[in-house]
Amino acid sequence: MMRSIAKAGTVKRVVLTSSAAGVYIRPELQGDGHVLDEGSWSDVEHLRAEKPPTWGYCVSKVLLEKAAYRFAAEHGISLVTVCPVSTVGAAPAPIVSTSVPACLSFLSGDEAGLGALKGIEKTSGSVQLVHVDDLCRAELFVAEEDAAAGRYICCAVNTTVVELARFLARTYPQYSVKTNL
């Protein structure tokens with residue numbers, strides 16, 4: 001796609017949707033008090049050596065973003081990246097294999113999905129969420145804002161698995177969400 005954009009010469013800006021998975025997996029982040037920003041990158045060498053769950057996805061996000069930025073710089077393309085955290089809200093398709101099943105695990109009882117959320121919390125200290133509508137608004141904003149540049153982490157809330165379970169249990173009592181996690 002980027003080659004076609006460079007060849008056409010008519011595209012003003014490319015907005016790449018990546019993932020916070022390319023931002024927060026770093027060995028020095030174990031524990032509290034670490035701040036991440038748009039300059040933070042997941043540690044590819046650490047991921048390849050340790051191979052935690054979803055390590056390949058995280059590595060692919062880092063490598064893809066960095067390659068896209070190199071290509072954009074070489075060809076004078078304005079590239080802005082949005083790195084959303086776990087995205088919640090109406091699923092865009094009837095079959096999904098992203099953060100949607102993990103977030104629905106409280107309602108579905110899917111232990112693997114709940115395990116994924118617990119893994120995120122263990123690795124980063126919290127479960128980070130953004131609503132799909134907010135993500136879309138963020139992408140439109142960076143596409144239209146002349147001053148937008150670089151990477152943007154898109155996150156609305158940091159919570160815990162237990163806090164999220166309690167919220168869902170209060171909001172949707174008909175689903176009998178377990179809160180003794």
(request) Applying salt bridge (charged side-chain N to carboxylate O under 4.0 Å, His left out), name anything that partners Arg13, two or more places apart in sequence or on another chain. (result)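 If we apply the salt bridge (charged side-chain N to carboxylate O under 4.0 Å, His left out) test to Arg13, skipping adjacent residues, there are no hits.
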Side chains of [X] and [Y], heavy atoms from C-beta outward: is any pair under 4.5 Å?
| X | Y | result |
| --- | --- | --- |
| Ile153 | Val23 | yes |
| Trp55 | Pro52 | yes |
| Cys103 | Leu129 | yes |
| Val62 | Cys58 | no |

(message) According to salt bridge (Lys or Arg N to Asp or Glu O under 4.0 Å), does anything in residues 37-47 pair up with another residue at least two apart or in another chain? List the pairs.
(response) Glu45-Arg48
(message) Suppose we screen for side chain to side chain donor-acceptor pair (under 3.5 Å). Which residues come up paired with Asp110, at least two apart in sequence or across chains?
(response)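 None.
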(request) Taking side chain to side chain donor-acceptor pair (under 3.5 Å) as the test, write out the residues that go with Ser108, two or more places apart. (result)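 Counting only residues at least two positions away or on another chain, Ser108 forms no side chain to side chain donor-acceptor pair (under 3.5 Å).
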(request) Could you tell me the separation between the NZ atom of Lys61 and the OG1 atom of Thr54, rounded to the nearest 0.5 Å? (result) 11.5 Å
(message) For the CD1 atom of Ile120 and the OG1 atom of Thr160, what is their distance to the nearest 0.5 Å?
(response) 13.0 Å
Between [X] and [Y], is there a donor-acceptor pair closer than 3.5 Å when you use the side chain of the first and the backbone of the second?
| X | Y | answer |
| --- | --- | --- |
| Ser42 | Ala21 | yes |
| Glu121 | Val161 | yes |
| Ser19 | Gly22 | no |
| Glu50 | Leu47 | no |

When hydrophobic residues are tied together by side-chain contacts of less than 4.5 Å, even through go-betweens, does [X] share a cluster with [Y]?
| X | Y | answer |
| --- | --- | --- |
| Leu79 | Val15 | no |
| Leu16 | Tyr24 | no |
| Leu64 | Tyr57 | no |

Output a table of donor-acceptor pairs, distance under 3.5 Å, between side-chain atoms of residues 132-142 and any protein atom two or more places apart or on a different chain; print 'none' if there are none.
from   : atom 1 : to     : atom 2 : distance (Å)
Asp134 : OD1    : Arg137 : NH2    : 2.6
Glu139 : OE2    : Thr17  : OG1    : 2.3

(message) Please give the remaining members of the hydrophobic cluster of Val85, linking ILVMFWY side chains under 4.5 Å, ordered by chain and number.
(response) Val130
Which atom pairs, donor and acceptor, lie under 3.5 Å between side-chain atoms of residues 66-75 and protein residues at least two apart or in another chain?
from  : atom 1 : to     : atom 2 : distance (Å)
Tyr69 : OH     : Thr81  : N      : 3.2
Tyr69 : OH     : Thr81  : OG1    : 2.9
Tyr69 : OH     : Gly150 : O      : 2.7
His75 : ND1    : Phe71  : O      : 2.9

What donor-acceptor contacts under 3.5 angstrom involve side-chain atoms of residues 170-181, with partners at least two apart or in another chain?
from   : atom 1 : to     : atom 2 : distance (Å)
Thr171 : OG1    : Phe167 : O      : 2.8
Lys178 : NZ     : Glu111 : OE2    : 3.4

(message) Once side-chain hydrogen bond (donor to acceptor under 3.5 Å, both in side chains) is applied, what residue pairs with a partner in residues 140-153 remain, sequence neighbours excluded?
(response)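 Sorted result for residues 140-153: Glu65-Arg151.
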(message) Among residues at least two apart in sequence or on other chains, which ones pass side-chain contact (heavy atoms from CB on, under 4.5 Å) with Val11?
(response)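 Ile5, Val14.
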